[in-house]
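Structure record follows, encoded as structure tokens.
Just the heavy atoms: all of them, side chains too, but no hydrogens, waters or symmetry mates, feed the values below. Each residue takes its place number in the sequence, starting with 1.
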Amino acid sequence: MTPAPLSAASAVSVHPHVGVTATFVGMPKFPEAAKAELGNTTQRRNLAHATGIIRTKRANVVGELDNWEELRLAAEAVKNRTLRNLDTYLLQFEEKATAAGATVHWARDAAEANRIVVDLVRRTGADEVVKVKSMATQEIELNEALAAAGIDAWETDLAELIVQLGDDWPSHILVPAIHRNRSEVREIFLRRMKEVGRPAPDDLTDEPRRLAEAARLHLREKFLRAKVGISGANFAVADTGSLVVVESEGNGRMCLTLPETLISVVGIEKILPTWADLEVFLQVLPRSSTGERENPYTSVWTGVTPGDGPQNVHIVLLDNHRTDVLADEVGRDALRCIRCSACLNVCPVYERAGGHAYGSVYPGPIGAILTPQLRGTSSAVDKSLPYASSLCGACFDVCPVRIDIPEILVHLRTRVVDENRGGFPSGEAAAMKAMAWTFADHRRLEAAQKAATTSHRFFGKRTTIGALPWPLSAWSSARDVPVPPAESFRDWWKRERGNRSEDGGPRS
Ligand code: SF4
């Protein structure tokens, strides 16, 4: 009997924390969403614990290598070379993959990619597919498109399975259910597995071993039955036409080898020029993502091997605004990303706000620079993402392909400001104008400092000011504003040094 599908209806169910749908459509802007998420203490505890563990593991295995910085430079150089000649390498990849028996499709956007995949699945007569974890298919909302066509898409990565069964959103690139703890996972398995296939055992505990076993048994029947597998790819090697998937659980290997038909949706930035280039990335990726020296399962396939594995191999090369990103001289560096998620694990903003607040399948620092470039900055959430950072730079320090995320954030902030010039000035713009006017003349600045130091006495022993009036309230609502000092630096200098300059001579 075909199990009840996880339908499109379930995919848009109400999110437990912020009360909006699970497709990320219509998300509020980052500060609002983050404020709601900050109230979820369980999630904050889970995130702090999990990111702390991954951070330490990564630091340990990276610290073992004397040539880590050289590897980062090599990875950056390979990606830059690829992006400079992307058209050449893409055509080379198509030629090699086609010669090896694969069929290559080109998709301009999400709608086209979804149409291609749905048509390919329909042609097989299948009404379900098994999926390898794939950010590209989440980006284009492929599961929703398949559900609309009456095709069930079963996520087989353990964390993706938890997210799917929980009618939830992914909140981390590598560990999408990082916001869930073991007892929550047990509850989800007990409640949902029976609705969509083999039930979880009644005596299921929250021991990791028991939870993994329940997932394995639940998924096994789906692997053995599936006629179609769907994947993304971590890398696409141009000089051989090969695709590469790296994963930790072995579920990907099952999806890539058991079904008769394999469809891979691959972002065009995943290309690497040569097989030798792959060597660099297979060193930096596992260390940066899971904190492992080597990846547990690395699957590589080149077209069709007669009598072995899928006999119908399709590759959908996805643009979906990547060429727009490529056209931006600063923003294009984001296309170097290999989705390792190291930047998420070190980000103080991500650790507190969690992944859902970013309103996209790409959360954290990389999401803050990639999403507004892929989707544009017209919606409230996309406009707010470049500001979802303290610009501390920890993300750049760990990024294996050396993406200067703070630089791109500032670049995108400029874009947002430029796009919103004219019309009624925002509170921030009004405050900046007032500040510029004050700083433009030393007499005005001195008068402002005098007023500030005079106000000191009104605050008594307090060290911070509460809410400021509009437009400064936009600043003070989320920050502690210190009470002005009793004496300005200018007054202190006058008192201590009289009319002398810094080197002791008379002031000119
Ligand atoms: S931006 Fe860098 S650190 Fe972040 S996911 Fe991409 S490759 Fe990893």
Side-chain angles (χ1 to χ4, degrees), residues 1-13 22-23 113-114 117-118 120-170 175-177 180 185 188-201 211-233 245 247-265 297 299 309-310 312 314 316 361:
M1 195 177 83
T2 309
L6 279 179
S7 64
S10 71
V12 292
S13 61
T23 58
N114 286 334
V117 176
V118 167
L120 288 171
V121 178
R122 276 196 177 132
R123 249 189 269 161
T124 67
D127 60 2
E128 63 176 355
V129 301
V130 283
K131 283 189 69 206
V132 189
K133 177 172 167 34
S134 149
M135 299 304 295
T137 60
Q138 284 180 19
E139 176 190 320
I140 61 174
E141 298 186 349
L142 178 62
N143 286 10
E144 287 73 16
L146 289 167
I151 299 162
D152 298 328
W154 307 118
E155 295 291 349
T156 65
D157 171 85
L158 178 57
E160 291 291 0
L161 177 71
I162 295 165
V163 168
Q164 186 177 42
L165 291 176
D167 285 344
D168 202 353
W169 294 319
V175 201
R180 297 289 194 190
V185 173
I188 290 169
F189 280 7
L190 282 171
R191 183 166 49 84
R192 289 305 308 277
M193 274 184 173
K194 58 178 177 285
E195 295 171 20
V196 294
R198 181 177 174 136
L211 294 172
E213 184 187 32
R216 201 162 44 237
L217 293 172
H218 178 81
L219 290 171
R220 184 63 50 126
E221 62 177 24
K222 291 181 164 52
F223 287 133
L224 295 176
R225 199 175 57 208
K227 299 270 180 283
V228 181
I230 292 184
S231 80
V245 163
E247 38 118 12
S248 301
E249 298 168 11
N251 66 300
R253 180 71 56 82
M254 303 278 249
C255 294
L256 298 169
T257 52
L258 290 176
E260 291 157 13
T261 298
L262 175 60
I263 305 167
S264 304
V265 181
Y297 291 87
S299 301
N312 306 306
H314 295 270
V316 183
V361 295

Checklist entry - Does a donor on one side chain and an acceptor on the other come within less than 3.5 Å for Thr261 and Thr124? => result no
Checklist entry - So does Arg225 pair up with Glu128, basic N to acidic O under 4.0 Å? => result yes
Checklist entry - Can you tell me how far CG of Leu219 sits from CE of Met193, rounded to the nearest 0.5 angstrom? => result 6.5 Å
Checklist entry - Looking at side-chain heavy atoms only, is the closest gap between Phe189 and Leu165 below 4.5 Å? => result yes
Checklist entry - Do other residues, nucleotides or ligands put more than 12 heavy atoms under 6.0 Å from the CZ atom of Arg191? => result yes
Checklist entry - side chain to side chain contact (heavy atoms under 4.5 Å, CB included) between Val130 and Met254: does it pass, once the steps are laid out? => result CA-CA 9 Å; Val130 283; Met254 303 278 249; over 6 Å; no
Checklist entry - Who are the ring-ring contact (aromatic ring centres under 6.0 Å, His included) partners of His218, not counting sequence neighbours? => result none
Checklist entry - Rounded to the nearest 0.5 Å, how far apart are CG of Asn312 and NE2 of His314? => result 5.5 Å
Item to check | Backbone of Leu146 reached by a side-chain donor or acceptor of Asn114 within 3.5 Å | outcome: no
Next on the checklist: Using the rule given for salt bridge (Lys or Arg N to Asp or Glu O under 4.0 Å), can you reason through Arg253 versus Glu247, listing the C-alpha separation, both sets of side-chain angles and the distance that settles it, and then say yes or no?
Outcome noted: CA-CA 8 Å; Arg253 180 71 56 82; Glu247 38 118 12; 5.2 Å; no
Item to check | Glu213: partners by salt bridge (charged side-chain N to carboxylate O under 4.0 Å, His left out), with sequence neighbours left out | outcome: Arg210
Next on the checklist: Assess, by modelled atom type and distance only, whether the side chains of Asn143 and Gln138 contain a donor and an acceptor separated by less than 3.5 Å.
Outcome noted: no
Checklist entry - If you look at every heavy atom in Ser231 and Thr137, which pair is closest and at what distance? => result O-CG2, 4.4 Å
Checklist entry - Side chains of Lys133 and Pro176: closer than 4.5 Å at any heavy-atom pair? => result yes
Next on the checklist: Using the rule given for side chain to side chain contact (heavy atoms under 4.5 Å, CB included), can you reason through Val121 versus Ile263, listing the C-alpha separation, both sets of side-chain angles and the distance that settles it, and then say yes or no?
Outcome noted: CA-CA 9 Å; Val121 178; Ile263 305 167; 3.9 Å; yes
Item to check | Contact summary for Thr156 and Glu249, nearest pair of heavy atoms | outcome: O-OE1, 4.1 Å
Item to check | Nearest non-hydrogen partners of Ile151 and Ala126, listed with the distance | outcome: CG1-O, 4.3 Å
Checklist entry - Between Ile140 and Ala113, what is the shortest heavy-atom contact and its length? => result CD1-CB, 3.8 Å
Checklist entry - Hey, does Cys255 have a side-chain heavy atom less than 4.5 Å from the side chain of Ile230? => result no
Checklist entry - Do you know the tightest heavy-atom contact between Leu190 and Pro201? => result CD2-O, 3.4 Å
Item to check | Counterpart residues, salt bridge (charged side-chain N to carboxylate O under 4.0 Å, His left out), relative to Arg216 (two or more places apart) | outcome: none
Checklist entry - Does the pair Phe223 and Asn251 meet the rule for a side chain to side chain contact (heavy atoms under 4.5 Å, CB included), with working shown? => result CA-CA 9 Å; Phe223 287 133; Asn251 66 300; 3.8 Å; yes
Next on the checklist: Is the shortest side-chain heavy-atom distance between Asp127 and Asp152 below 4.5 Å?
Outcome noted: no
Checklist entry - For Lys131 and Glu155, what are the C-alpha separation, side-chain angles and deciding distance, and is it a salt bridge (Lys or Arg N to Asp or Glu O under 4.0 Å)? => result CA-CA 5 Å; Lys131 283 189 69 206; Glu155 295 291 349; 2.9 Å; yes
Checklist entry - If you take all heavy atoms of Gly166 and Ile188, which pair is closest and at what distance? => result N-CG2, 3.7 Å
Item to check | Trp154 CH2 to Leu161 CG distance, which is reported to the nearest 0.5 Å | outcome: 10.0 Å
Checklist entry - Less than 4.5 Å apart, any side-chain heavy atom of Val316 and any of Ser264? => result no
Next on the checklist: Any side-chain to backbone donor/acceptor pair from Arg180 onto Val185? Under 3.5 Å, distance only.
Outcome noted: no
Item to check | Interatomic spacing from CG in Leu211 to CD1 in Ile162 - rounded to 0.5 Å | outcome: 7.5 Å
